[in-house]
Visitor: 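Can you read through this structure? Questions will come right after.
Only a predicted model underlies this, so the values are computations on that prediction, with no experimental measurement involved. What you see below is based on every heavy atom in this structure, not just the backbone, and it leaves out hydrogens, waters and symmetry mates.
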Amino acid sequence: MDTKPIKRSEEIAKLSRDHHVSLLFCWKIRNGIKKNAEVLRMKNYVSYFLSEHMGAHFREEEDYLFAPVKDEKVQRALDEHIVILNLTDKILNAGEPEKKDLLNLAQLVDDHVRYEERILFPHLENVLSAEQLKEIGKQLPDHLSKDTFEDKFW
């Protein structure tokens, strides 16, 4: 398998950098399960991650990057957002979520990030014009997501 870093257009590199934080989220959940951390601590982390990262990230992708393209690759990402958010909602509304749901969430997020990075983003870089990419880059907030969750259950 090729492990070279993927070259991303600077206009959407902000979203790719956010994906690193998402992959760390997956690692932390998986590691928490391995260490038999309390599921309520991990549930709190899921809540934090949704409010501080994932919710805004999904909106930015949907509102700016995905909006100009209506095809099956974009639709797959939109569908995955819904599945991820539905499982997140199930976890957050459970009194005590099941470990299998937490592990499933970590796997869904991991698979989704890898799909976007390896398939969708390169596709969008090819179908969007340089002008469209430049405009998308201007609209995306200029921030780097950080994970500042203090309960180190992992």
Side-chain angles (χ1 to χ4, degrees), residues 1 5-6 8-9 11-125 127-128 136-137 139-154:
M1 173 179 256
I6 298 170
R8 184 70 56 231
S9 71
E11 293 82 8
I12 62 173
K14 298 169 192 175
L15 294 171
S16 284
R17 287 188 291 268
D18 276 355
H19 284 159
H20 177 70
V21 175
S22 295
L23 293 175
L24 285 174
F25 165 82
C26 300
W27 178 85
K28 290 173 182 179
I29 293 293
R30 289 175 178 138
N31 222 36
I33 298 286
K34 283 181 195 172
K35 292 186 173 194
N36 206 28
E38 293 176 44
V39 291
L40 293 178
R41 293 171 70 191
M42 290 182 277
K43 174 183 173 179
N44 289 337
Y45 181 52
V46 170
S47 177
Y48 162 85
F49 192 74
L50 175 65
S51 67
E52 297 299 318
H53 176 74
M54 189 167 52
H57 179 82
F58 282 2
R59 281 189 302 279
E60 290 166 8
E61 287 180 334
E62 293 172 8
D63 292 348
Y64 305 120
L65 183 59
F66 300 169
V69 180
K70 305 289 185 227
D71 67 12
E72 67 282 348
K73 288 182 170 97
V74 168
Q75 190 58 52
R76 174 179 165 179
L78 293 169
D79 293 344
E80 289 177 1
H81 283 184
I82 292 167
V83 171
I84 291 166
L85 290 172
N86 284 342
L87 182 53
T88 301
D89 189 53
K90 178 183 177 186
I91 289 167
L92 296 179
N93 286 312
E96 188 168 311
E98 295 186 33
K99 288 181 180 181
K100 69 177 177 70
D101 287 334
L102 291 161
L103 284 172
N104 191 22
L105 178 62
Q107 190 62 53
L108 287 170
V109 171
D110 191 302
D111 291 345
H112 176 69
V113 166
R114 294 184 192 288
Y115 168 72
E116 287 188 345
E117 287 296 324
R118 294 175 182 163
I119 297 170
L120 183 60
F121 283 15
H123 167 69
L124 292 172
E125 288 170 322
V127 300
L128 293 168
I136 289 166
Q139 293 175 331
L140 289 171
D142 202 15
H143 65 83
L144 180 60
S145 289
K146 293 180 184 175
D147 186 337
T148 58
F149 192 71
E150 294 185 7
D151 181 4
K152 309 280 189 248
F153 61 85
W154 53 89

Visitor: Looking at every heavy atom in both His57 and Leu15, which two are closest together, and how far apart are they?
Guide: CE1-O, 3.4 Å
Visitor: How long is the straight-line distance from OH of Tyr45 back to CG of Leu102, given to the nearest 0.5 Å?
Guide: 12.0 Å
Visitor: Give a yes or no answer on whether the side chain of Lys73 reaches the backbone of Lys70 with a donor-acceptor pair at less than 3.5 Å.
Guide: no
Visitor: Evaluate the side-chain proximity of Phe149 to Trp154: yes if any heavy-atom separation is below 4.5 Å, no if none is.
Guide: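 Touching, per the 4.5 Å side-chain cut-off.
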Visitor: Which residue in the set Asp101, Val39, Ile29 passes side-chain contact (heavy atoms from CB on, under 4.5 Å) when paired with Val46?
Guide: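 So, applying the side-chain contact (heavy atoms from CB on, under 4.5 Å) to Val46 and each of Asp101, Val39, Ile29, only Ile29 qualifies.
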Visitor: The criterion is side chain to side chain contact (heavy atoms under 4.5 Å, CB included); which residues satisfy it with Ser22, sequence neighbours excluded?
Guide: Phe49, His53, Val109, Val113
Visitor: For Ile12 and Glu60, run side chain to side chain contact (heavy atoms under 4.5 Å, CB included): C-alpha distance rounded to whole Å, both residues' side-chain angles, the deciding distance at 0.1 Å, then the answer.
Guide: CA-CA 11 Å; Ile12 62 173; Glu60 290 166 8; over 6 Å; no
Visitor: Yes or no on side chain to side chain contact (heavy atoms under 4.5 Å, CB included) for Glu11 and Leu128, after CA distance, side-chain angles and deciding distance?
Guide: CA-CA 11 Å; Glu11 293 82 8; Leu128 293 168; over 6 Å; no
Visitor: Indicate the atoms forming the closest heavy-atom contact of Leu105 with Leu87, along with that distance.
Guide: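 It is N-CD2, 3.4 Å.
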Visitor: Looking at residues at least two apart in the chain, or sitting in another chain, which of them share a salt bridge (Lys or Arg N to Asp or Glu O under 4.0 Å) with Glu98?
Guide: Lys100
Visitor: Please name all residues satisfying side chain to side chain donor-acceptor pair (under 3.5 Å) with Thr88, sequence neighbours left out, ordered by chain then number.
Guide: none
Visitor: Under the side chain to side chain contact (heavy atoms under 4.5 Å, CB included) test, which residues partner Glu52, sequence neighbours left out?
Guide: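 Per chain and number, Glu52 pairs via side chain to side chain contact (heavy atoms under 4.5 Å, CB included) with Tyr48.
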Visitor: Keeping Arg59 on the side-chain end and Gly55 on the backbone end, is there a donor-acceptor pair under 3.5 Å?
Guide: yes
Visitor: What pairs of residues pass the salt bridge (Lys or Arg N to Asp or Glu O under 4.0 Å) test when at least one of them lies in residues 33-44, not counting sequence neighbours?
Guide: Arg41-Asp151
Visitor: Check Pro97 against Leu40 and note the closest heavy-atom contact, atom names and distance.
Guide: CD-CD2, 4.2 Å
Visitor: Taking the side chain as everything from C-beta on, heavy atoms only, tell me whether Leu85 gets closer than 4.5 Å to Leu50.
Guide: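 A side-chain contact under 4.5 Å exists here.
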Visitor: Mind jotting down which residue pairs meet the side chain to side chain donor-acceptor pair (under 3.5 Å) criterion with at least one end in residues 104-113? Sequence neighbours excluded, please.
Guide: Arg30-Gln107, Arg30-Asp110, Glu80-His112, His81-His112, Gln107-Asp111, Asp110-Arg114, His112-Glu116
Visitor: If you round to the nearest 0.5 Å, how far is CD1 of Ile84 from CG of Asp89?
Guide: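 Interatomic distance, Asp89 CG to Ile84 CD1, rounded to 0.5 Å: 13.5 Å.
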Visitor: Find out whether Lys99 and Asn36 are in side-chain contact, i.e. whether some heavy atom of one side chain is under 4.5 Å from a heavy atom of the other.
Guide: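 Yes, their side chains come closer than 4.5 Å.
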Visitor: Which is it for Phe153 and Asn44 under the side chain to side chain contact (heavy atoms under 4.5 Å, CB included) test, yes or no, and what are the steps along the way?
Guide: CA-CA 11 Å; Phe153 61 85; Asn44 289 337; over 6 Å; no
Visitor: Grab the two heavy atoms, one from Ala106 and one from Cys26, that are nearest each other, plus how far apart they are.
Guide: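 Smallest interatomic distance, heavy atoms only, reads O-SG, 3.1 Å.
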Visitor: Phe58 and Glu61: side chain to side chain contact (heavy atoms under 4.5 Å, CB included), yes or no, with the steps?
Guide: CA-CA 5 Å; Phe58 282 2; Glu61 287 180 334; 4.2 Å; yes
Visitor: Return the CZ to NE2 distance between Phe121 and His19, rounded to the nearest 0.5 Å.
Guide: 4.5 Å
Visitor: Could you check if a side-chain atom of Ile91 sits within less than 4.5 angstrom of a side-chain atom of Met42, using non-hydrogen atoms only?
Guide: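 Contact flag for Ile91/Met42 side chains = no.
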Visitor: Is any side-chain heavy atom of Leu140 closer than 4.5 Å to a side-chain heavy atom of Leu65?
Guide: no
